[in-house]
Amino acid sequence: MSNLDNIEINTETLSKRFAHLDQQGLINFPSIDKVTIILEMTDPAWAVPSIQLLLLHSEHPIRIIALPGSLEFPPIQQYFEKEAPIEFWSYEAGIDPVNQALGTIETTFAVLMEDRIMVTPRWLSSLIWPCLDEERVMVVSPMSPSEQLDGKLNLWFQSHADLVSYAEDHHPRNQGLWRQVPVLTGSCLLFRKELINELGGFDPLLRSRELKVVDWCLRARMLNGQLALCEDVYVQALHSLEPRRGEKILSDEWNVFCSKWGVERNSYPLKYLSELNISECSMEPFISLIYDPYYITVIVLVSEVFPNRLESWYQINLEQTYSRIQWIGVLLGTHQEQPLSDSEMWGKLDALIKVREVEQWHEALEAALILVKGEAIIFINSSRAYESDYVTRVVDFMYRESADVVVNTGKGIPNLHAQVHIPQEPLPVPLSLTAHRCIEDVGSYVKSIEEFYFIPRSSLRAVYWTKGMEDE
């Protein structure tokens with residue numbers, strides 16, 4: 001495109017903007033309405049400077065909703081003034097915080113972004129403009145390293161001052177330039193509130209953020225909405241742009257996405273989605289923002305019954321901090337030491353399966369699995385000690401790490417704060433330290449003389465808590 005063509009496009013776009021400003025009585029900003037910014041936080045070292053830049057460079061009144069990404073995320077309120085327009089939400093395992101936050105938006109425009117993003121002056125006004133230029137524009141993205149398709153621009157700077165200098169030079173040369181694109185994937189998206197009313201939130205069946213965003217944008221197009229890429233706005237990233245563990249697209253998830261949109265399973269990477277004919281999709285685009293946390297089934301294995309051990313797992317039942325649990329007991333052996341008529345001890349179970357011989361463990365486990373109602377199963381053993389928030393943390397790991405299988409390989413009390421290790425090949429692991437999603441052909445259960453074991457299917461994403469090992 002020649003400079004003359006750019007000048008002509010700029011002139012036409014800017015004339016429309018001037019007319020809008022004249023009608024509204026505005027001079028500097030395209031909107032005086034407050035803007036809601038939903039910030040997904042993954043690390044305080046990234047979140048603090050990201051929020052500081054939002055407060056510094058957002059020329060509109062803003063409301064920041066800060067969403068911690070894990071139970072371990074430390075408080076960072078002390079780095080900001082009490083009067084700062086920031087709401088720090090608490091973390092709740094098994095809940096999609098983004099969908100929750102989307103349901104609270106009351107402003108005309110909102111932004112969804114990750115804490116990896118560094119903004120520069122005039123970023124917010126520039127993102128709002130395409131929505132005012134064209135009423136069908138529903139979602140807008142800046143140029144950034146986090147966009148995987150048309151908007152990908154990966155630049156490097158020695159300092160934030162160099163980034164600001166680039167933005168100050170880049171903006172005037174491209175002012176008013178934006179174009180319609182078929183899909184967006186990035187970490188910074190501005191959208192209209194009315195889109196939430198018609199579209200709802202992210203699809204809970206998709207776990208990687210990339211596919212959630214892509215699915216959301218494609219559903220917006222089903223409502224005749226346009227997706228805009230601002231060529232006059234560039235935002236930088238604070239850290240590596242390689243997908244983090246919880247962002248990786250798994251084969252099973254990709255299959256779900258392909259089935260939903262009628263896409264060939266061998267069509268990855270996402271660039272082929274630009275050829276998708278939205279008009280041929282007949283599904284309902286709306287997805288409710290309201291849904292309950294994961295429902296978890298806990299299967300308690302009791303192979304030797306002694307009063308103190310029964311009391312141990314009974315306390316687990318009473319003390320677990322996670323509330324949405326189905327409890328199933330599996331008793332193996334004669335159990336003469338403790339009568340099963342003790343209603344106080346067994347009354348808390350939703351189901352109880354017992355066999356007289358330990359060798360019948362496989363049949364008992366199969367019967368228990370038929371009764372499972374939860375989205376995931378956590379196995380515990382009456383001979384082990386568990387912390388009261390064990391179930392909560394397992395749910396957190398499963399959701400945050402996009403894991404199909406979660407395993408703690410420590411001895412004694414599970415090491416809940418250990419680093420994550422993802423082996424290339426599945427390993428037999430103690431069933432009493434294992435959790436997995438309720439999916440078909442998840443793996444196999446085996447028994448040795450001393451322990452029950454689980455071997456996950458090789459294609460599943462198994463996350464292991466492993467003490468003293470580096471992430472892979």
Side-chain angles (χ1 to χ4, degrees), residues 69-71 91-100 200-209 211-212 215 245-257 259-260 287-301 316-317 320-330 348-351 353 365-380 386 389-408 414 416 420 429 431-445 454 456-457 459-465:
S70 69
L71 286 166
Y91 183 87
E92 185 176 355
I95 282 286
D96 186 336
V98 172
N99 277 355
Q100 274 193 320
F202 285 173
D203 189 341
L205 297 179
L206 302 174
R207 284 175 272 157
S208 68
R209 188 185 191 280
L211 281 191
K212 283 177 178 286
D215 174 83
R245 289 186 301 267
E247 295 174 332
K248 292 179 180 178
I249 296 177
L250 312 178
S251 59
D252 286 353
E253 182 191 17
W254 178 242
N255 289 340
V256 170
F257 180 87
S259 297
K260 178 176 182 177
I287 291 179
S288 175
L289 293 170
I290 303 173
Y291 62 94
D292 293 325
Y294 287 152
Y295 188 47
I296 300 298
T297 295
V298 176
I299 296 181
V300 184
L301 300 174
I316 292 172
N317 189 341
Q320 283 299 312
T321 57
Y322 198 81
S323 59
R324 304 194 73 235
I325 298 178
Q326 174 196 20
W327 291 90
I328 299 178
V330 177
K348 298 294 184 179
L349 292 174
D350 297 289
I353 297 171
L365 187 58
E366 286 184 349
L369 294 175
I370 292 175
L371 300 176
V372 167
K373 297 179 180 179
E375 299 174 59
I377 304 172
I378 297 176
F379 296 91
I380 64 176
Y386 298 82
D389 60 351
Y390 180 71
V391 174
T392 298
R393 291 182 178 273
V394 170
V395 173
D396 172 39
F397 249 74
M398 185 168 289
Y399 178 83
R400 175 162 47 101
E401 302 293 337
S402 292
D404 295 305
V405 180
V406 175
V407 180
N408 190 297
L416 296 173
V420 174
V429 292
L431 190 61
S432 58
L433 294 175
T434 301
H436 63 69
R437 295 182 186 273
C438 293
I439 54 181
E440 186 176 354
D441 189 23
V442 67
S444 57
Y445 307 96
F454 175 70
R457 176 160 56 91
S459 61
L460 297 182
R461 179 175 172 77
V463 174
Y464 292 67
W465 278 306

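For the numbers below, each heavy atom of this structure counts, side chains included, while hydrogens, waters and symmetry mates do not.
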Do [X] and [Y] touch side chain to side chain, with heavy atoms closer than 4.5 Å?
X	Y	answer
I377	L369	yes
K260	D203	yes
I380	Y390	yes
Y386	S432	yes
P293	E92	yes

Enter the distance from [X]:[atom1] to [Y]:[atom2] here, rounded to the nearest 0.5 Å.
X	Y	atom1	atom2	answer
W254	S208	CH2	OG	9.5 Å
R324	Y295	CZ	OH	7.0 Å
D292	I95	CG	CD1	7.0 Å
Q100	Y291	CD	OH	8.0 Å

Could you list the residues that satisfy side-chain contact (heavy atoms from CB on, under 4.5 Å) with [X], not counting sequence neighbours?
X	result
A368	I299, I328, V330, I353
I325	V298, Q320, Y322, W327, V391
S288	F286, I290

Taking every non-hydrogen atom, the tightest pair across [X] and [Y]:
X	Y	value
A351	L371	CB-CD1, 3.8 Å
L431	L301	CD2-CD1, 3.7 Å
V405	P456	CG2-CB, 3.9 Å
N99	L289	O-CD2, 3.6 Å

In a table with atom names and distances, give each donor-acceptor pair under 3.5 Å that connects a side chain of residues 433-443 to protein atoms at least two apart or in another chain.
| unit_1 | atom_1 | unit_2 | atom_2 | d |
| --- | --- | --- | --- | --- |
| T434 | OG1 | P430 | O | 2.6 |
| H436 | NE2 | Y445 | OH | 2.8 |
| R437 | NE | A403 | O | 2.7 |
| R437 | NH2 | M398 | O | 3.2 |
| R437 | NH2 | A403 | O | 3.3 |

Subject >> Intermediate values then yes/no, side-chain contact (heavy atoms from CB on, under 4.5 Å), I287 and F202 >> reply: CA-CA 7 Å; I287 291 179; F202 285 173; over 6 Å; no
List the residues meeting side chain to side chain donor-acceptor pair (under 3.5 Å) with [X], not counting sequence neighbours, and say none if there are none.
X	value
Q326	T297
T392	T321
D396	Y91, R400
E366	H362

Original post:
Which is it for F379 and L365 under the side-chain contact (heavy atoms from CB on, under 4.5 Å) test, yes or no, and what are the steps along the way?
Top reply: CA-CA 11 Å; F379 296 91; L365 187 58; 3.9 Å; yes
Original post:
K212: what forms a salt bridge (Lys or Arg N to Asp or Glu O under 4.0 Å) with it, not counting sequence neighbours?
Top reply: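 With sequence neighbours excluded, K212 shows a salt bridge (Lys or Arg N to Asp or Glu O under 4.0 Å) to D96, given in chain and number order.
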Original post:
Can we say K373 and D350 salt-bridge, meaning some charged N sits less than 4.0 Å from an Asp/Glu carboxylate O?
Top reply: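 Looking at D350 together with K373, the answer is no, because their closest N to O distance does not fall below 4.0 Å.
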